[in-house]
There are 2 protein chains.
Amino acid sequence: MGEFELIERYFKRPSQRNVLGVGDDCALLRPGPGMELAVSTDMLVEGRHFLSTVNPRRLGYKSLAVNLSDLAACGAKPLAFTLALSLPAADEAWLAPFAEGLFALADEHGCEVVGGDTTRGPLVIGITVFGEVPTGEALLRSGAHVGDDIWVSGTTGDARVALEVFRGTMSLPSEVFEQARARMELPTPRVALGQALRGVATAAVDISDGLLGDLSHVLRASGVGARIDAEAASSLLDVEVPSERRLEFALSGGDDYELAFTAPAHRRDDVERAARAVHTRVTRIGRIEGERGVRVVDAAGHPVPASFASFDHFG
Amino acid sequence: MGEFELIERYFKRPSQRNVLGVGDDCALLRPGPGMELAVSTDMLVEGRHFLSTVNPRRLGYKSLAVNLSDLAACGAKPLAFTLALSLPAADEAWLAPFAEGLFALADEHGCEVVGGDTTRGPLVIGITVFGEVPTGEALLRSGAHVGDDIWVSGTTGDARVALEVFRGTMSLPSEVFEQARARMELPTPRVALGQALRGVATAAVDISDGLLGDLSHVLRASGVGARIDAEAASSLLDVEVPSERRLEFALSGGDDYELAFTAPAHRRDDVERAARAVHTRVTRIGRIEGERGVRVVDAAGHPVPASFASFDHFG
């Protein structure tokens, strides 16, 4: 099967909202009046971001999910994406389920494919995603203020537990492992929550490299520090693991694709209302402080040693 | 050097025209009033699109050039790009010249980096480029009409000659080889020509897989065929090679990043005026016909056998 036939068969879809889809030199996008276009790009490499044994349907889903998560962190509504694919071979048994998983999530969010590129090479998936957000209303990393609450959506650390099992450093009952594995392979981008938080949250980031690591980008961009409640943070982990590792996994697990965000303390009700409206759990885990750095503290306010490094691809 | 330091050092630049640059979850783009955003994405893989021995400065340049060429084919003005980079190691001796070559071309076109992603893995470069074009004025593949002239910018086939030398199937005097090699490694995206052709050309495509192959996309999208003048097409090759291979290289060489476009015969003067205004050579090589397919003919109108396949990554 040639490159053009491959594109035609698996990735060409009629264009709807956007002007021109796959099949010209460029796609043409027209954000609505008063809208800015939010853009994010991610590259997933076999052996680094996913195992060669991963189910291709789940991989297709996840490849788009991690990109939608960036749009969520900006409060943007998904519009479209481009797909660049390097593949060792044009293997239909892989391509068909990959495309199925990808488009299942794309359709769920009304996000249409508008362009792409395929080539032979190592298995690498490059997606660039486009969303729209009312001008000036995007959630940024730089808006956190002293006194703001720190919130986290959903659960964190579960994907890391699955990774540890794959690495052979932990073992778990099979139903617990499958639960963790689903969190790793089928993360839920918090797209509706991100939009619901526009005008409520002061800053937001998506958690891909670990909660503390990604929160530190917010702290640096905002010129502030944070105090984290260890007990609240430990509750972010969903799966059952030995208690001495709960905090570590929750704070520095990585691959979570949840949102960490800040909001003024007097807007707690608004945060909870926004979260309820989109059926998403949110947990308040700490507070923004003027003193730089992060302090993880127990119920009595005593520091808990927590020097978990965040994930860094070149660390 | 860690991932964030690497991004900071080589790829972070102050944002100018666009709202938000590298360093948040998304970049925010705002096309001007009455403008559409043209988007294109390309992935370059070591061993497939470039040799491991290529000069990293030239590779940085070319990685963006092939994307700008897609904008050129739409008649769009470059605005911004995102860069996703998978690298075997954070090697400064490679990164510094790569970034230099990339930004030299970016600056020449006022095209700023607005986001990116770096990871460890095989050497793969993924760029998504954004341009703007007045609504409804983009050059498409589907606009060619029977009777239109077929034009090509610059020269074609030279990059392929260099590739044949690298493959060991040809040998050339060293200054001829260097000339061909420069065409392969430093292609000139026809950005100014693309914009100058808005309102003049009826269809356009950029030549990446070979002139005939890429022209066939225009023919298919427009529901027409073409007659190509072998003598005019042979003149597209710039370097000196044995005469019996000139036509093959010019028509199916690949990696040219020139524009093939169509325009009404009564607008020849307008095409030539537009090309002169942007100091770009254009050559008229044939005519659009109603009969499907491509016929390559000699000066007497007799068919020349020319079954050169275009390049297909999965062919």
Side-chain angles (χ1 to χ4, degrees), chain A residues 1-4 6 19-20 23-31 36-43 45-49 70-71 73-74 76 82-87 89-90 114-122 124 126 128 130-131 133 135 138 140-142 204-206 221 312-315, chain B residues 1-4 6 19-20 23-31 36-43 45-49 70-71 73-74 76 82-87 89-90 114-122 124 126 128 130-131 133 135 138 140-142 204-206 221 312-315:
Chain A
M1 182 166 42
E3 181 181 359
F4 302 112
L6 189 159
V19 182
L20 238 191
D24 216 289
D25 292 278
C26 294
L28 297 172
L29 296 177
R30 202 186 292 166
E36 287 177 330
L37 204 71
V39 178
S40 184
T41 195
D42 265 302
M43 185 179 267
V45 176
E46 183 181 78
R48 193 81 196 167
H49 300 93
D70 286 312
L71 290 185
C74 286
T82 61
L83 171 69
L85 207 48
S86 166
L87 292 172
V114 291
D117 187 26
T118 56
T119 186
R120 197 188 287 269
V124 178
T128 302
F130 309 97
V133 60
T135 299
L140 305 182
R141 294 178 177 181
S142 53
V205 70
D206 89 309
D312 181 336
H313 288 288
F314 289 97
Chain B
M1 184 166 40
E3 181 181 359
F4 301 112
L6 190 160
V19 183
L20 237 191
D24 215 290
D25 292 279
C26 294
L28 298 173
L29 296 176
R30 202 185 291 165
E36 286 176 332
L37 205 70
V39 178
S40 184
T41 195
D42 265 302
M43 185 179 267
V45 176
E46 183 180 76
R48 193 82 196 168
H49 300 94
D70 285 312
L71 290 185
C74 286
T82 60
L83 172 68
L85 208 48
S86 166
L87 292 171
V114 292
D117 187 27
T118 56
T119 185
R120 198 188 286 268
V124 177
T128 302
F130 309 97
V133 60
T135 299
L140 304 182
R141 296 178 175 181
S142 53
V205 71
D206 89 309
D312 181 335
H313 288 288
F314 289 98

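Residue numbers start from 1 in every chain, and the chains themselves are labelled A, B, ... in the order their sequence lines are given, proteins ahead of strands.
By the side-chain contact (heavy atoms from CB on, under 4.5 Å) test, Ala38(B) pairs with Cys26(A), Leu28(A), Leu71(B), Ala76(B), sequence neighbours left out. Legend: residues meeting side-chain hydrogen bond (donor to acceptor under 3.5 Å, both in side chains) with Thr82(A), ordered by chain and number and at least two apart, are absent.
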* To do: Apply side chain to side chain contact (heavy atoms under 4.5 Å, CB included) to the pair Leu85(B) and Met43(A), showing each step before the final yes or no.
  => CA-CA 8 Å; Leu85(B) 208 48; Met43(A) 185 179 267; over 6 Å; no

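Both the backbone and the side chain of Val39(A) come within less than 4.5 Å of a heavy atom of chain B. Looking at Val45(B), the atoms closer than 4.5 Å to chain A (heavy atoms on both sides) all sit in the side chain, from C-beta outward.
Across Asp117(A) and Thr41(B), no two heavy atoms sit closer than the pair CB-O, 3.7 Å.
Side-chain contact between Leu37(B) and Arg30(A) is absent, with no heavy-atom pair separated by less than 4.5 Å. Annotation: side chain of Thr119(A) is in contact with side chain of His49(B) (closest heavy-atom distance under 4.5 Å).
For the set Ala204(B), Gly131(B), Ala84(B), the count of heavy-atom pairs under 4.5 angstrom toward chain A peaks at Ala84(B).
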